[in-house]
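Lettering of chains follows the sequences in order, A, B, ..., and the numbering in each one begins at 1.
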Number of protein chains: 2
Amino acid sequence: MTHDTPRPRRARQLPTTEELRIWRDFIETADTLRSELTARLQSESSLSSGDYAVLLALNEAEGHRMRSSELAAHIDWERSRLSHHLGRMERRDLIRREECAADSRGAEIVLTPTGLQSFRQATVPHLRAVRELFVDALTHEQLIAAGDLAATLRARLSAAGRQRGSAAQAKAARSDTG
Amino acid sequence: MTHDTPRPRRARQLPTTEELRIWRDFIETADTLRSELTARLQSESSLSSGDYAVLLALNEAEGHRMRSSELAAHIDWERSRLSHHLGRMERRDLIRREECAADSRGAEIVLTPTGLQSFRQATVPHLRAVRELFVDALTHEQLIAAGDLAATLRARLSAAGRQRGSAAQAKAARSDTG
DNA sequence: ACTACATAATTGACATGTCAATCAGCGCCG
DNA sequence: CGGCGCTGATTGACATGTCAATTATGTAGT
């Protein structure tokens, strides 16, 4: 198990079968985790993970309001994605758009009472689920290892991103994790 | 760093700040990884990760053909998702649908020459990217730890899924990892 | 053969994402 | 002041996903 690779690392072009198996396990498990959390959030509070990310940011914002572009930066979404999503959330009365006094191009996104209530109802069950399915599933050592893996992989990703100006670098990520 | 939790684990309801940080890092990094791989696949071969999953399955299938429902089971997609996706792939001449002799309700999905060629062009760069961004980023110990984490988390997920018949259990996962 | 139910696959409606315009207001510079 | 180029935000076109019908065909039981 410790030496399934006859050739030295540097000489290989492609992952071995075992490496590929670990890769698949890893990425699929992370996905399953996300989709389970998303499903619970949805069934317990009728919020999508995107909704949650937006509400979380607004809840923490000064006066429960934020400029649209700041919000986009905060949760790391593309502006058009946010715009579409805000439209849907506004229809459901979770947020409201107001004109911005300082800059009349801008919009201020405001948390509505409905939105605040939805968020408050969602938050404890959601964090409990994170604890149940992630934190408590792991030993302390595994939790540390998870943090270590994340840091290592992120370092590689951003190095690679810098080298090739990857457009997709971190696009979909940093979204709905709260 | 080893004891940021005064209260015993069992007494806690919610994750600590540090646990939440690790959780976010972990899940966001996995997402970033997926999105980087997807972006590279797209730019190098004009295939989405969904396309790749379908083509991979067909490429390995007997005669480069498979019943639609088997294909869905193999890559673990919902049937309607597959149906929609096959429609799009058929328009691009990557696959073809044929009537099934044995069961006239059924459809056989066949890899076209175009589809085969696209897949072959995509596969080596894709695996190289997996190696660069995942396998080679990690030490051997980290790789083992990744496999261990995946197994542990998956066990918890399927236990939780069994307990509450979660509909979303592993829906989006196991898709496009190849 | 006829009814009733299960199965294979597609469809339609809609949620969510991406990318490339578009539109309007802000500011600087001559 | 007037033009011109940023910037903030939205829009439209389209890819992708989910869920709940719908369609057509197989199969079992009487």
Item to check | Value in whole Å for how far the C1' atom of C:dT10 lies from CD1 of B:Ile95 | outcome: 13 Å
Checklist entry - Distance check: side-chain N/O of A:Ser80 vs OP1/OP2 of D:dA9, anything under 4.0 Å? => result no
Next on the checklist: I need the B:Ile109 CD1 to B:Leu86 CG distance, nearest 0.5 Å.
Outcome noted: 4.5 Å
Checklist entry - Roughly how many Å is it from CD in B:Gln42 to C1' in C:dC19, rounded to a whole number? => result 11 Å
Checklist entry - Are A:Ser48 and C:dA15 close enough that a side-chain N or O sits under 4.0 Å from OP1 or OP2? => result no
Checklist outcome for this item: Among D:dT18, D:dA13, C:dA9, the one nearest any side-chain atom of A:His84 is D:dA13
Checklist entry - B:Ser83 near the nucleic acid: base, sugar-phosphate alone, or nothing, with a heavy-atom cut-off under 4.0 Å? => result base
Checklist entry - So do B:His126 and B:Ser45 actually touch side chain to side chain, heavy atoms under 4.5 Å? => result no
Item to check | Gap between atoms CG and P, on B:Leu82 and D:dC19 respectively (whole Å) | outcome: 16 Å
Checklist outcome for this item: Here the distance between atom P of D:dA9 and atom CG of A:Leu71, to the nearest Å, is 10 Å
Checklist entry - Quick one: B:Trp77 CH2 to D:dC19 P, roughly how many Å, whole number? => result 15 Å
Please produce a list of atom pairs where a protein N or O lies less than 3.5 Å from an N or O of nucleotides 25-29 of chain D.
residue : atom : partner  : partner atom : Å
D:dT25  : O3'  : B:Ser104 : OG           : 2.9
D:dT25  : O2   : B:Arg105 : NH1          : 3.2
D:dG26  : OP1  : B:Ser104 : N            : 3.2
D:dG26  : OP1  : B:Ser104 : OG           : 2.7

Next on the checklist: So, using side-chain hydrogen bond (donor to acceptor under 3.5 Å, both in side chains) as the criterion, who are the partners of B:His84 when residues are at least two apart?
Outcome noted: none
Checklist entry - Does A:Arg88 make a side-chain N or O approach to OP1 or OP2 of C:dT16 shorter than 4.0 Å? => result yes
Next on the checklist: Check this for me: does any side-chain nitrogen of one of B:Glu36 and A:Arg156 sit under 4.0 Å from a carboxylate oxygen of the other?
Outcome noted: no
Next on the checklist: Is it the case that the side chain of A:Ser68 and the backbone of A:Ala107 share a donor-acceptor pair, with hydrogens and angles ignored and the cut-off at 3.5 Å?
Outcome noted: no
Next on the checklist: B:Arg79: which residues meet the side-chain hydrogen bond (donor to acceptor under 3.5 Å, both in side chains) condition with it, sequence neighbours left out?
Outcome noted: none
Checklist entry - With a 4.5 Å limit on heavy-atom distance, are the side chains of A:Thr29 and B:Thr152 in contact? => result no
Checklist entry - Under 4.0 angstrom, heavy atoms only, what part of the nucleic acid is A:Arg67 near: base, sugar-phosphate, or nothing? => result sugar-phosphate
Checklist entry - If you check the A:Ser69 side chain, which of C:dT18, C:dT10, D:dA9 turns out closest? => result D:dA9
Next on the checklist: Need one value for A:Arg97: base, sugar-phosphate or nothing, where a base atom within 4.0 Å counts as base even if backbone is also close, heavy atoms only.
Outcome noted: sugar-phosphate
